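When reading the values below, keep in mind they use all heavy atoms of this one structure, side chains included, and skip hydrogens, waters and symmetry mates. Because the structure is predicted, anything quoted here is derived from the model rather than measured.
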Amino acid sequence: MEGFQLVQKKQASHLGIWWIALGAAMWGLDGVFIVTLLNYVTSSQIVWIEHMLLLLFAAPVLIWKRHELKCLNLGDWLAVLFIAWGGSALASILFTAGFTYGNPNVVLILQKVQPVFTVLLAAWILRERIVKAFWMLLVVVLIGAYLLTFGLHIPTTGDSTQLIGSLYAIGAAALWGGSTVMGKRLVGKVSFTTVTALRFAVALPLLTVIILVQHPNWQSLSQALRLAPVWANLLFQTIVPSLLSLLFYYRGLNAVKASHATIAELAFPATGLLLNWLILHQTIDFGQWIGFAIIWMAVLHLSRLRDEPKVAETSVPHLSDLAS
């Protein structure tokens, strides 16, 4: 019986890697189709409208599974806030600001260190044991991520003002990495649909405040929402890159280490690069194809890992663990 359960656990872990990669790959669809929407509304307005639509999914799920919310302690609710406010809203703002204040190449490089934050936080908060072989794979993946972004070219550095942009990029990478860890903490206690619904519902108040602070032109926004192509694009963005992708992602995260999940997440920039080439006809050099291959080979390698050391047997960390 124990042998059968072990086989089932390994199969779930292997499939989980691909669920995460599929969800992350669907994030890559966002960049291609958002270009048209930006002709009518701002990026923050797009995210806000999407979350308004996503509330139609989140509200019924949270009502239906309200009994699961009783399982969450204070530390878990802080994790929810971290995912919704930090990972969904603030990280995107910091990453965008990084391009405004710093050198774009430096910002892109520093954002690629996100897996490092995830691995370190997973070892600290989730008590995940990191074997030496994984660190070697992580180095290879970071090289692949660099090639995916810049190919065989050496990016140029900016002037002294790039320090602010660099700090923004590191902040975004830390928030996104931390969101993976916090998500792993939550899917161990509630269903993946509940985690997804909480992320959307809790992010909406903060996004609303951000929109109001920006003093949007409501008349212009209203005129844009009267156009059928805008609604078609918004509905696609809401259903595919936002809702379905996160449902797949959190389903896979339940059976996969957070440190492994962060590598599978790199399917996002890999897919984005491919779609930009196919649809937007952007040039891809040989080095970027190498990076693309490295990322997907790493995902394949993770899905086939066997006989891994078990995660240290510890209880789900409480608030004191997050604050220590």
Side-chain angles (χ1 to χ4, degrees), residues 14-36 38 91-92 95-96 98-99 102-119 133-158 165-166 169-170 172-173 176-177 180 236-237 240-241 244-245 248-249 252 256 259-305:
H14 299 167
L15 289 175
I17 288 293
W18 289 109
W19 278 118
I20 293 172
L22 176 60
M26 294 173 75
W27 298 339
L29 298 174
D30 187 89
V32 173
F33 294 94
I34 203 172
V35 174
T36 304
L38 289 174
S92 298
F95 186 62
T96 303
F99 286 102
N103 182 281
N105 289 331
V106 175
V107 172
L108 289 172
I109 291 175
L110 291 176
Q111 190 275 327
K112 294 298 184 290
V113 303
Q114 175 187 336
V116 176
F117 285 105
T118 303
V119 172
F134 179 81
W135 287 109
M136 295 178 61
L137 178 63
L138 181 61
V139 171
V140 172
V141 165
L142 291 176
I143 294 174
Y146 175 90
L147 291 173
L148 191 68
T149 306
F150 300 106
L152 300 177
H153 303 290
I154 299 177
T156 58
T157 59
S166 299
I170 293 174
W176 279 325
T180 299
F236 174 83
Q237 295 277 0
V240 182
L244 292 180
S245 65
F248 293 158
Y249 173 79
V256 176
S259 53
H260 290 190
T262 191
I263 290 181
E265 289 175 33
L266 290 174
F268 164 41
T271 303
L273 179 81
L274 183 61
L275 289 175
N276 288 343
W277 175 60
L278 292 174
I279 299 177
L280 301 181
H281 306 294
Q282 293 184 358
T283 303
I284 299 178
D285 63 25
F286 180 67
Q288 288 176 302
W289 281 118
I290 294 176
F292 179 87
I294 289 175
I295 295 301
W296 282 105
M297 288 299 294
V299 173
L300 178 62
H301 178 69
L302 280 178
S303 70
R304 293 180 174 180
L305 280 180

If every non-hydrogen atom of [X] is compared with every non-hydrogen atom of [Y], which pair is closest and at what distance?
X    : Y    : value
I294 : G144 : CG2-CA, 3.8 Å
A298 : I263 : CB-CG2, 4.1 Å
A21  : W296 : CB-CZ3, 4.2 Å
V256 : A261 : CG1-N, 3.9 Å
S259 : F134 : O-CZ, 3.1 Å
A24  : A264 : CB-O, 4.0 Å

Gap separating the [atom1] atom of [X] from the [atom2] atom of [Y], nearest 0.5 angstrom:
X    : Y    : atom1 : atom2 : value
L137 : M297 : CG    : CE    : 11.0 Å
W18  : L300 : CH2   : CG    : 5.0 Å
L138 : T262 : CG    : OG1   : 8.0 Å

Q: Tell me, please, which residues at least two apart from I295 pass side-chain contact (heavy atoms from CB on, under 4.5 Å).
A: V141, L148, L266, A270

Q | For V240, side-chain contact (heavy atoms from CB on, under 4.5 Å) partners two or more places apart | A | M26, L29, F236

Q: With sequence neighbours excluded, tell me which residues meet side chain to side chain donor-acceptor pair (under 3.5 Å) with T180.
A: Y249, E265

Q | Sequence-distant partners of W135, ring pair (Phe, Tyr, Trp, His ring centres under 6.0 Å), two or more places apart | A | none

Q. Excluding sequence neighbours, so at least two apart, what forms ring pair (Phe, Tyr, Trp, His ring centres under 6.0 Å) with F117?
A. none

Q: Report the relative orientation of the aromatic rings in W19 and F248; use parallel for angles under 30°, tilted for 30 to 60°, perpendicular for over 60°.
A: tilted

Q | Aromatic ring proximity W289/F286, centre distance under 6.0 Å | A | no

(Q) Any heavy-atom pair between the side chains of V116 and L142 that's under 4.5 Å? (A) yes

